Amino acid sequence: MKYDVAVIGAGPAGAMASKYAALNGAKTLLIEEHAGIGSPVQCTGLISKAAITECEVSEGSFVLAKMKGAFVYSPGGEELTIRGKDVKAYVIDRKLFDRKLVGHSLDAGVDLMLKTRFTSLHKDGISVISNGERKEIHADIVIGADGIMGGVGRAAGLPRCNKFMSGIQFEAPYDPCDAEFVEIFTGNNFAPGFFAWAVPFSGMARIGLAKNTGDKPALHYLEELIKHPVLASRYRGSRTEHMVGGIPLGPPERTVTDNVMLVGDAAGQVKPTSGGGVYMGAVCAKIAGEVAARAARKEASTGEYEKRWRSAVGRELALGMIIHKSMGKLSDENLNEFISFLNRPGMSERITEYGDMDHPSVLLMELLKGSDKMRLVRLLGVAFRTLF
Ligand SMILES: Cc1cc2nc3c(=O)[nH]c(=O)nc-3n(C[C@H](O)[C@H](O)[C@H](O)COP(=O)(O)OP(=O)(O)OC[C@H]3O[C@@H](n4cnc5c(N)ncnc54)[C@H](O)[C@@H]3O)c2cc1C
């Protein structure tokens, strides 16, 4: 088997990278270790309108609900309402969504091998186990879109991401206060250093959390979360699906070698403020696919990808990491004060105007123009002050 480009992993990043490699003239192979695309799901499936656009799909059966805003709860119980002018985000069925993206890459001419696991890199390509049988595949360029496990990056000797958060979630019947609003819960006894959520759709909700600090297992915090008075009043008691997953944060210093490129979670292209990776992964995967096709023809080097993806999202990632570190240090008292700060008259209009779930730094910079700049800097602490 002889290919110009081999892409490992058929998640959103792999689907987009393989599609762009094929569209740019490369004979492209996409491999996936599972027997089907999109499972097991390790995602809340909350993505922005921009993510849908970036993935080049139109709204389809994968959209389960549309969100116009969020209710954010402080540890002390204060509610902050963030109301968008129109639909801000979609709750999606990740299995259907991933299948749609892979469908588009097949339409572009990509070959797909399921039940095929990447095992190692060699001089001329990769070794895989396909349906229990070892195979050698020639590929000039290898794209590692293999998610948090990052086997391709390890085999290529590339450094790992800066840190990993653990996430946990279940689906359950739920009576939301407003079916078009996501609920965000803050408090160190159930989401240390990060936040918890209830994302409603069709009479159900995905209820979960990611933890940044805290020395107990994620399951402990989940059991604490369901005692939250707001959540407890809406959660109807049973659980229909459970999942745990890791979230990589902070890309490694290098994401390429001469013939290997990493993309998506494998490259830490995940928003440190929310743990969302679909949008950034898609932005970077398109660059990866295009550069890989040209690199296979010796018209570009893999280093072009490294430069271009960092220039596209590097600043947002770096600022996001600063916000993430600052938020991770806040005590419950600090969080109460921060949410009160955002809940003052006039503030919600600015949040509605400048809030963008893919680019939180835009809102941050806007808030820092206000007369309360120093109060915000003081609230968010030491890591944040290094910005200035
Ligand atoms: C609890 C939780 C909630 C989240 N919620 C959201 C959210 O609401 N919105 C959002 O945008 N993001 C969310 N994310 C993050 C999001 O799921 C990831 O950023 C996204 O799936 C990354 O896409 P990817 O294509 O890089 O990797 P993945 O989707 O992980 O795909 C990698 C693929 O590679 C395959 N693979 C791995 N190793 C091999 C191998 N050796 N050989 C062959 N195939 C292999 C895997 O089977 C998998 O199909 C969440 C994550 C967690 C853990």
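Quick caveat, the model's predicted, so the values are computed rather than measured. First listed ligand is number 1; within each ligand, the first listed atom is number 1.
Considering only heavy atoms from C-beta on, Y279 comes within 4.5 Å of E54 through its side chain.
Enclosure of atom NZ in K27 by more than 12 non-hydrogen atoms of other residues, nucleotides or ligands within 6.0 angstrom is indicated.
Of the candidates H104, K286, K100, K286 is the only one forming a side-chain hydrogen bond (donor to acceptor under 3.5 Å, both in side chains) with E56.
Looking at H34 against ligand 1, only its side chain comes within 4.0 Å, counting heavy atoms. Proximity of L46 to ligand 1, defined as any heavy-atom pair under 4.0 Å, is shared by backbone and side chain alike. Counting heavy atoms under 4.0 Å from ligand 1, residue A210 does not touch it at all. The proximity of M149 to ligand 1, defined as any non-hydrogen pair under 4.0 Å, does not occur for either the backbone or the side chain. Contacts between I8 and ligand 1 below 4.0 angstrom, taking non-hydrogen atoms only, involve the side chain exclusively. In V278, the parts holding a heavy atom less than 4.0 Å from any atom of ligand 1 are both the side chain and the backbone.
In terms of protein heavy atoms, atom 14 (N) of ligand 1 is closest to G275 O, 3.6 Å. With respect to atom 12 (N) of ligand 1, the closest heavy atom belonging to the protein is G277 N, 3.1 Å.
Heavy atoms of G246 approach ligand 1 to within less than 4.0 angstrom. Heavy-atom distances between T116 and ligand 1 reach below 4.0 Å in at least one pair. Using a 4.0 Å cutoff on heavy atoms, Q169 does not count as a contact of ligand 1. Residue contact check for ligand 1: P12 places a non-hydrogen atom closer than 4.0 Å to it. Under a 4.0 angstrom heavy-atom cut-off, A145 registers as being in contact with ligand 1.
Taking only nitrogen or oxygen atoms, main chain and side chain alike, A13 reaches within less than 3.5 Å of ligand 1.
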### Verdict with reasoning, E32 to R117, per salt bridge (Lys or Arg N to Asp or Glu O under 4.0 Å)
CA-CA 6 Å; E32 168 56 48; R117 185 164 56 84; over 6 Å; no
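Interface of Q42 with ligand 1, defined as ligand atoms under 4.0 Å from a residue heavy atom, comprises 17 (O), 50 (C), 51 (C), 52 (C), 53 (C).
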